[in-house]
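Comments concern the structure below.
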Amino acid sequence: MPELPEVETVARQLAPLLAGRVLRRIDVRGPLLEVADRHLARGRRVLGVTRLGKQVAIALGPAGRGTAACRLICHLRMTGRLIWLGPGETRGNPRHVRATLRFDGGRLLFIDPRRFGTLRMESADAPVGNSGTDPMDGRFTPPVLAGLLGGSRQGLKPWLLRQDRLLGIGNIYASEILFAARLDPRRAAGSLSRGEIRRMFGAVRSVLARAIRHCGTTFSDFGDTRGRPGGFGRLLAVYGREGLPCRGCGRSVRRIVQQSRSTFYCERCQGPRRAGMFVA
DNA sequence: GGGTACCTGAAA
DNA sequence: TTTCAGGTACCC
């Protein structure tokens, strides 16, 4: 589930649950986190929980005099989930628990069936990886987007998945953003006009912001005792809607494959502009 | 650039 | 049984 809106939701929900708590111990199953790093985490207080790209960052204070602050970075990849359990609380017998972070007054379960997810410890001043621009950051503007698109000949949809350009966009929101921007996913990323870049900028912001407001597209709770999916799923315009009528024009939504991954779009709404073209 | 691999489970 | 899945590292 985790693209930017889902990870943002997780971080926002975790922040008030974890802030101020002391991390007592981390138990792992498998090679998720080195013994030395697990030891390093003990006894530290949580300063905050934020999103870094698609990752959840748990900032930890120093462990004593002369020690530096650090942070735990969790990447959920495809199937990772973070579930908070208060004192004595249980959730049946959860399968695929890869790590348990034990705090005063509760524990955080890292559940990940496919085991693609990662957990690592780094120093608080480590540079944020992959160097892409966060599209929800105020420094992201249409000229910045224009610079990132540069002269790229890559298709727009594969381009949107690149974490060294924009952070946090994945396969669902890439299709949704291009539908909102009325841009063909196969267009070369570097071929957009200034007006099209403005449209794309607006779509990136509005689609992600709306998905965040609806707590993402699908995922089970945590913090909340009931399993509750994100509310954005029913608002998807094209993703997962192959053959269904486009919400804009009614024509059936197409699915194509780009770089071995599904792309959904509407040929009419995202086709070449007709205005200004010669008519036969 | 694009294809494949990583791993498991759900759905076709 | 086969295919597909919200991510990304690594191969040519």
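A note on names: the letters A, B, ... follow the listed sequences, proteins ahead of strands, and every chain is numbered from 1.
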| said: Before we go on, tell me: are the rings of A:F179 and A:Y239 under 6.0 Å apart, centre to centre? | reply: no
| remark: In whole angstroms, the gap separating P of C:dT8 from CD1 of A:I73 amounts to 14 Å
| said: What is the separation between atom CZ on A:R162 and atom C1' on C:dA9, rounded to the nearest whole Å? | reply: 15 Å
| said: Between A:Q258 and A:R98, which residue's closest nucleotide on DNA chain B lies nearer the 5′ terminus? | reply: A:Q258
| said: Taking only the P atom of each, what is the distance from B:dA10 to C:dT8 in whole angstrom? | reply: 23 Å
| task | Can you sort out the partners of A:R21 under side-chain hydrogen bond (donor to acceptor under 3.5 Å, both in side chains), two or more places apart, ordered by chain and number? | result | none
| said: If the condition is salt bridge (Lys or Arg N to Asp or Glu O under 4.0 Å), which residues does A:R198 pass it with, not counting sequence neighbours? | reply: none
| message | From the set C:dG6, B:dG1, C:dG7, return the single nucleotide nearest to any side-chain atom of A:T217. | response | C:dG6
| said: For a salt bridge (charged side-chain N to carboxylate O under 4.0 Å, His left out) check, start with the C-alpha distance between A:E196 and A:R187, then their side-chain angles and the critical distance, and finish with the verdict. | reply: CA-CA 11 Å; A:E196 289 171 325; A:R187 280 275 298 279; 2.8 Å; yes
| query | In whole angstroms, how far is the P atom of C:dG6 from the NZ atom of A:K157? | reply | 8 Å
| Mind pulling the stems DNA chain B is in, i.e. runs of at least three Watson-Crick or G-U pairs, everything under 3.5 Å? | B:1-6 with C:7-12, B:8-12 with C:1-5
What are the atom names and distances for every N/O pair under 3.5 Å that joins the protein to nucleotides 10-12 of chain C?
none

| request: Could you verify whether a donor N or O on one side chain and an acceptor N or O on the other, from A:Q55 and A:R120, lie under 3.5 Å apart? | output: yes
Using a 3.5 Å cut-off and no angle test, enumerate the donor-acceptor pairs between side-chain atoms of residues 35-44 of chain A and protein atoms at least two apart in sequence or in another chain.
{"unit_1": "A:R38", "atom_1": "NE", "unit_2": "A:L33", "atom_2": "O", "d": "3.3"}
{"unit_1": "A:R44", "atom_1": "NE", "unit_2": "A:L40", "atom_2": "O", "d": "2.6"}
{"unit_1": "A:R44", "atom_1": "NH1", "unit_2": "A:G61", "atom_2": "O", "d": "2.9"}
{"unit_1": "A:R44", "atom_1": "NH1", "unit_2": "A:A68", "atom_2": "O", "d": "2.8"}

| query | Among B:dG1, C:dG6, C:dG7, which is the nearest nucleotide to the side chain of A:K54? | reply | C:dG7
| query | Would you call A:K54-A:E3 a salt bridge at under 4.0 Å N-O? | reply | no
| task | Answer yes or no: is there a donor N or O on one side and an acceptor on the other, between the side chain of A:E8 and the main chain of A:C215, under 3.5 Å? | result | no
| task | Nearest whole angstrom, please: distance from the C1' of C:dG6 to the NE2 of A:H75. | result | 11 Å
Enumerate all atom pairs, one protein N or O and one N or O from nucleotides 1-5 of chain C, separated by less than 3.5 Å.
{"unit_1": "C:dA5", "atom_1": "OP1", "unit_2": "A:S262", "atom_2": "OG", "d": "2.7"}
{"unit_1": "C:dA5", "atom_1": "N3", "unit_2": "A:R114", "atom_2": "NH1", "d": "3.0"}

| query | Nearest of C:dG7, C:dG6, B:dG2 to any side-chain atom of A:P158? | reply | B:dG2
| task | List in chain and number order the residues that pass salt bridge (Lys or Arg N to Asp or Glu O under 4.0 Å) with A:R71, two or more places apart in sequence or in another chain; answer none if no residue qualifies. | result | A:E122
| task | Just do the salt bridge (charged side-chain N to carboxylate O under 4.0 Å, His left out) check on A:E242 and A:R254 with the steps written out, would you? | result | CA-CA 5 Å; A:E242 181 181 16; A:R254 276 198 72 189; over 6 Å; no
| remark: Taken to the nearest whole Å, CD1/A:I256 to C1'/B:dG2 is 15 Å
| task | Return the set of residues passing salt bridge (Lys or Arg N to Asp or Glu O under 4.0 Å) with A:R247 (not counting sequence neighbours), or none when no residue passes. | result | none
For nucleotides 9-12 of chain B, print each protein N/O atom paired with a nucleotide N/O atom at under 3.5 Å, atom names and distance only.
{"unit_1": "B:dG9", "atom_1": "OP1", "unit_2": "A:R95", "atom_2": "NH2", "d": "2.9"}
{"unit_1": "B:dG9", "atom_1": "OP1", "unit_2": "A:H96", "atom_2": "NE2", "d": "3.2"}

| field | Electrostatic pair A:R24-A:D104, nearest N-O below 4.0 angstrom | value | yes
| request: Could you check how far CG of A:L32 sits from C1' of B:dC6, rounded to whole Å? | output: 15 Å
| What salt bridge (Lys or Arg N to Asp or Glu O under 4.0 Å) pairs are there with at least one residue in residues 133-148 of chain A, not counting sequence neighbours? | A:R51-A:D134, A:D137-A:R139
| field | Any residue of residues 184-191 of chain A with a heavy atom less than 4.0 Å from an atom of DNA chain B | value | none
| query | Just by distance, do the side chain of A:E176 and the backbone of A:I172 share a donor-acceptor pair under 3.5 Å? | reply | no
| field | Spacing between A:D112 atom CG and C:dG7 atom P, to the nearest angstrom | value | 13 Å
| said: Please report the distance separating the C1' of B:dG1 from the corresponding atom of C:dG6, rounded so that it comes out in whole Å. | reply: 23 Å
| Tell me: CG of A:L236 to P of C:dG6, nearest whole Å? | 12 Å
| task | Just do the side-chain hydrogen bond (donor to acceptor under 3.5 Å, both in side chains) check on A:D27 and A:T100 with the steps written out, would you? | result | CA-CA 5 Å; A:D27 297 326; A:T100 303; 5.5 Å; no
| task | Determine if A:F116 stacks with B:dC6; use a centre-to-centre distance below 5.5 Å and an interplanar angle below 30° as the criteria. | result | yes
| query | Counting heavy atoms not belonging to A:E34, are there more than 12 under 6.0 Å from its CD? | reply | no
| query | Under the salt bridge (Lys or Arg N to Asp or Glu O under 4.0 Å) test, which residues partner A:R107, sequence neighbours left out? | reply | none
